[in-house]
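Structure, as structure tokens:
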Amino acid sequence: MAKKDYIPSREEEYQTYLKTFADKLRIYNAQFGVPNEKVEALANEAISIESILQETKSAEQTFSSKAVAKRTAITTSKTALRKLIGQIKSHDIYTEAIGMDLGVIGAEVNLTQEEINTAKPKVVATIVGNYIIFDWLKRMFDGVAIYRKRGNETTFTLIGRDTFSPFEDAIGNITEGASEVRIYKFIYILDDKEIGLFSDEIKVAV
């Protein structure tokens, strides 16, 4: 009967395994002719790996924190800026000339029916901290609708609409402490209607 590999695949578990093995080998090394230097080298290797794991974890946490801070800062700034621009555009003295000078007037786009029918969002997902971040291209449309299916769910559910990339979905699994696979798909919105084709399905394991 086949047996499971005795060396753990998970990095943290391997470090613990290596340390325990080195400690236990001190009892048997003379019988097997294993030099003391070799045993000590294994013990030091376990210590070194533990240090590297801790440094890596700290670096990942720092990166995650900074990435979240960056996205939060940019999203907050854009939201506030759009609100301010909206106030300016609604002011009595606002003119199109001023709008052009401030760069707050988008270029006009005339979409053909073919472009509308075949529009398909391109989406990239990244896990950052406790969120899944979805970067998507807005192009000339008003926004996207986001559908999600997770765990054992058999149908997609509309979970929101987004007018500016990125879209964020918090990680909170159906069963607390258990991993799950989520599947997302995006579709463009134009004049408050879903149009075009769904994006390729995005699978995320969390």
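Atoms considered below: every heavy atom in the structure, side chains included; atoms not considered: hydrogens, waters and symmetry mates. We count residues from 1, following the sequence as given.
- Shown here for K138 and F164, the closest heavy-atom pair between the two residues is NZ-CE2, 3.3 Å.
- Follow the hydrophobic side-chain contacts under 4.5 Å out from V144 and you never reach I183; the two are in separate clusters.
- Residues L25 and D23 form no side-chain contact, since every pair of their non-hydrogen atoms from C-beta on lies 4.5 Å or further apart.
- Closest non-hydrogen pair, A125 versus I202, comes out as CB-CG2, 3.8 Å.
- Looking only at side-chain heavy atoms (C-beta outward), S65 and Q61 stay at 4.5 Å or farther from each other.
- One hydrophobic cluster, built from ILVMFWY side chains closer than 4.5 Å, cannot hold both L158 and F186; they sit in different ones.
- Within a 6.0 Å radius of CZ in F21, other residues, nucleotides and ligands contribute 12 heavy atoms or fewer.
- The two residues E114 and T118 make their nearest non-hydrogen contact at O-OG1, 2.8 Å.
- Closest approach of L197 and I187 over heavy atoms only: O-CG1, 3.8 Å.
- By the neighbour-count criterion of 12 heavy atoms within 6.0 Å, atom CG of D142 is densely surrounded, having more than that number from other residues, nucleotides or ligands.
- Taken from OG in S199 to OH in Y188, the straight-line distance is 9.5 Å, to the nearest 0.5 Å.
- The main-chain N or O of Q87 is found under 3.5 Å from a side-chain atom of S90 such that the two form a donor-acceptor pair.
- Note: N29 CG to K38 NZ = 12.5 Å, rounded to the nearest 0.5 Å.
- Side-chain heavy atoms closer than 4.5 Å link hydrophobic residues (I, L, V, M, F, W, Y) into clusters, and following such links, possibly through other members, connects I171 to F134.
- For the pair T62 (side chain) and S58 (backbone), a donor-acceptor distance under 3.5 Å is present.
- With sequence neighbours left out, the side-chain hydrogen bond (donor to acceptor under 3.5 Å, both in side chains) criterion links Y184 to D169, R182.
- Checking side-chain atoms of E153 against main-chain N and O of R150 turns up a donor-acceptor pair under 3.5 Å.
- You'll find the side chain of L18 reaches within 4.5 Å of the side chain of L42, heavy atoms only.
- Looking at Y14 and I7, their side chains come closer than 4.5 Å, going by heavy atoms from C-beta outward.
- Salt bridge D200/K122: absent, no basic N to carboxylate O contact under 4.0 Å.
- Residue-environment remark: CD (E11) stays at or below the threshold of 12 foreign heavy atoms within 6.0 Å.
- Nearest heavy atoms, E115 versus F141: O-CZ, 4.3 Å.
- Atoms CG and OG, on L137 and S165 in that order, are 7.5 Å from each other to the nearest 0.5 Å.
- The shortest distance between side-chain heavy atoms of V123 and D135 does not fall below 4.5 Å.
- Side-chain contact between Q15 and L53 is present, with heavy atoms from C-beta onward closer than 4.5 Å.
- Hydrophobic clustering places I195 together with M140 (ILVMFWY residues linked when any side-chain heavy atoms are closer than 4.5 Å, directly or through intermediates).
- In this structure, the separation between CD1 on I47 and CD1 on I52 is 12.0 Å, given to the nearest 0.5 Å.
- Between R161 and D192 there is a salt bridge, with a side-chain nitrogen of the basic residue lying less than 4.0 Å from a carboxylate oxygen of the acidic one.
- Open room surrounds CD on E96; 12 or fewer heavy atoms of other groups in view lie less than 6.0 Å from it.
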Salt bridge (Lys or Arg N to Asp or Glu O under 4.0 Å) between E201 and R148, intermediate numbers included: CA-CA 10 Å; E201 293 184 356; R148 181 186 67 194; over 6 Å; no
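- When the ring-ring contact (aromatic ring centres under 6.0 Å, His included) test is applied to Y94, no partner is found at least two apart in sequence or on another chain.
- Atom NZ of K149 is surrounded by more than 12 heavy atoms from other residues, nucleotides or ligands within 6.0 Å.
- Side-chain contact, Y147 with E194: a donor N or O sits under 3.5 Å from an acceptor N or O.
- Atom NZ of K89 has more than 12 heavy atoms from other residues, nucleotides or ligands within 6.0 Å.
- Between the CD1 atom of I105 and the CD1 atom of I98 there is a distance of 10.0 Å, given to the nearest 0.5 Å.
- The cationic group of K185 lies under 6.0 Å from the six-membered ring centre of F156 and within 45° of the ring axis, placing it in a cation-pi geometry.
- Residues N117 and Q113 have side chains that bring a donor and an acceptor to within less than 3.5 angstrom of each other.
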Run the side chain to side chain contact (heavy atoms under 4.5 Å, CB included) test on I116 and T112 for me, step by step, so that the C-alpha distance in whole Å, both residues' side-chain angles and the decisive distance to 0.1 Å come before the verdict. CA-CA 6 Å; I116 293 174; T112 66; over 6 Å; no
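- Crowding of K24 atom NZ: a count of heavy atoms from other residues, nucleotides or ligands under 6.0 Å not exceeding 12.
- Checked by atom type and distance alone, the side chain of S48 never pairs as donor or acceptor with a backbone atom of N44 at under 3.5 Å.
- For the atom pair CD1 (I189) and CG (D162), the distance works out to 9.0 Å, reported to the nearest 0.5 Å.
- By the rule that hydrophobic residues join a cluster once side-chain heavy atoms approach within less than 4.5 Å of another member, I132 and V181 end up as members of separate clusters.
- The shortest non-hydrogen separation linking V39 to A22 is CG1-O, 3.6 Å.
- Two residues are said to be in side-chain contact when any heavy atoms from C-beta on lie closer than 4.5 Å; I88 and V104 fail this criterion.
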